[in-house]
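To keep things clear, I will list the structure first and then write my remarks on it.
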Amino acid sequence: MNMKVAVFGASGFVGINVVESLSKAGIEVIASDIRQSDAIRTEFMKADLLDYDQVEQVVKGSDMVIHLAASPLPVSIEKPRFNARINIEGSLNIMDAGRNCGVKKIIFSSASSIVGDVKYNPVDEIHPCTPKTPYGVAKYALENYLRVYQELYHLDYLVFRFFNVYGPWQYPESRAVIPMVYDKLKKEGSFNVFGDGSQTRDFIYVGDIAEFFVKSVKTSVKNEIVNMGTGKGTTIKEIVEIAGKILDINPKINYLPARPGEIGNFEADTTKLKRLFGSVPDTPLVEGLGKTFEWLGQH
């Protein structure tokens, strides 16, 4: 079957990887973003999410929509209203275009940070959500908007809640932990850790996520919220130590006071992911970090 998929947020870190995997799988892609990345080799249409007509032009003729576009978390803290306009109003433009153009499914990237206070670990999809940032509030609202659009207008959806994604095309400027560890170790041979570095996070390689987007386009899984993590926890301290081994640097860890509101152990319960898709992301951390550092070294 010949599928055509519109991808919003195609110039972002996850977007570039998803577009590449879809193209390799023989799926026709319309990539869209506010600016074009040099990494995108497929058909590209520039669109501002706040301009409904531009959004509809991208969606028209597509079977499915992958929605990865977002104003990021740090912006939400500095400019909550600006962030909400893009993340909520812009997303509603995508959903309205999907509804008006008869798309089969919208696949949306939510964030595990919507959980907020961790009551139990690993965290499953029915864990209570008390988001702690305007970004998290918007992501949580959109999960509910998608559910309501399905109930009212029969627009099918699939939500992937991303845990800590890392990999090629994620730059240190993103303030994400993996490229920052690489950058600091290369420049200074040390890394600042808040608290004792024992809190765990679930790190997932972007190549694995891209594969699940291909599966989600090819299968009939719909109207579900699914954790996108590995189910394995790694401490920040372990990340720095593994990075040191890969880079052949003996890292100095500077322990700083714990930050207020820092969440403790936090891993994905991947039971539902395995049930719906038959597998879970499996790139070992050492391998994923090796590929990521090799890419960062070239860029």
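Predicted model only: the values in this text are computed from it and were never measured.
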Side-chain ([X]) to main-chain ([Y]) donor-acceptor, under 3.5 angstrom:
X: Ser11; Y: Ser37; value: yes
X: Thr292; Y: Gly288; value: yes
X: Asp202; Y: Thr230; value: yes
X: Asp51; Y: Ala47; value: no
X: Asn227; Y: Ala268; value: no
X: Ser62; Y: Val65; value: no
X: Asp183; Y: Pro179; value: no
X: Glu238; Y: Thr235; value: yes
X: Gln170; Y: Val165; value: yes
X: Asn144; Y: Tyr140; value: yes

Is the shortest distance from a Lys or Arg side-chain nitrogen in [X] or [Y] to a carboxylate oxygen in the other one below 4.0 Å?
X: Glu143; Y: Arg147; value: no
X: Asp63; Y: Lys4; value: no
X: Asp156; Y: Lys222; value: yes
X: Glu224; Y: Lys272; value: yes

Check: Taking Phe163 as the fixed residue, which of Phe266, Phe203, Tyr205 is the one that meets the ring-ring contact (aromatic ring centres under 6.0 Å, His included) rule?
Finding: Phe266

Are [X] and [Y] in one and the same hydrophobic cluster, where Ile, Leu, Val, Met, Phe, Trp and Tyr link if side-chain heavy atoms are under 4.5 Å apart?
X: Val240; Y: Phe194; value: no
X: Val214; Y: Ile204; value: yes
X: Val19; Y: Phe108; value: no
X: Ile107; Y: Leu92; value: no

Looking at [X] and [Y], what are the two nearest heavy atoms and their distance?
X: Ala97; Y: Glu56; result: CB-CA, 4.0 Å
X: Asp33; Y: Ala10; result: OD2-N, 3.3 Å
X: Val55; Y: Asp48; result: CG2-O, 3.7 Å
X: Ile94; Y: Ile106; result: O-CD1, 4.1 Å
X: Pro281; Y: Met228; result: CG-SD, 4.1 Å
X: Ala141; Y: Ile88; result: CB-CD1, 4.5 Å

Next item on the list: Take Thr200 and Lys232 through the test side-chain hydrogen bond (donor to acceptor under 3.5 Å, both in side chains) and record every step on the way to the result.
Entry: CA-CA 9 Å; Thr200 60; Lys232 298 185 182 81; over 6 Å; no

Over 12 foreign heavy atoms within 6.0 Å of [atom1], [X]:
X: Leu152; atom1: CG; answer: yes
X: Lys132; atom1: NZ; answer: yes
X: Arg85; atom1: CZ; answer: no
X: Lys105; atom1: NZ; answer: yes
X: Tyr145; atom1: OH; answer: no

Item checked: Parallel, tilted or perpendicular: ring planes of Phe162 versus Phe213, cut at 30 and 60 degrees -> perpendicular

Notebook entry, point to check: Do we see a donor-acceptor contact under 3.5 Å between the side chains of His67 and Ser91?
Noted result: yes

Notebook entry, point to check: Going by atom types alone, do Glu267 and Asn121 pair a side-chain donor with an acceptor below 3.5 Å?
Noted result: yes

Distance-only criterion, 3.5 Å: show the donor-acceptor pairs between side-chain atoms of residues 243-254 and protein atoms not counting sequence neighbours.
from	atom 1	to	atom 2	distance (Å)
Lys252	NZ	Asn254	OD1	2.6
Asn254	ND2	Asn192	OD1	2.9

Next item on the list: Taking the six-membered ring for Trp and the single ring otherwise, decide whether the centroids of Trp295 and Tyr182 are under 6.0 Å apart.
Entry: no

Notebook entry, point to check: Could you go step by step and tell me if Tyr120 and Asp269 meet the side-chain hydrogen bond (donor to acceptor under 3.5 Å, both in side chains) rule?
Noted result: CA-CA 10 Å; Tyr120 55 85; Asp269 182 324; over 6 Å; no

In residues 70-84, what donor-acceptor pairs under 3.5 Å come from side-chain atoms, sequence neighbours left out?
from	atom 1	to	atom 2	distance (Å)
Ser71	OG	Asn83	ND2	2.9
Ser76	OG	Leu73	O	2.7
Ser76	OG	Tyr135	N	3.1
Asn83	OD1	Asn87	ND2	3.3
Asn83	ND2	Ser71	O	2.9
Asn83	ND2	Pro72	O	3.2

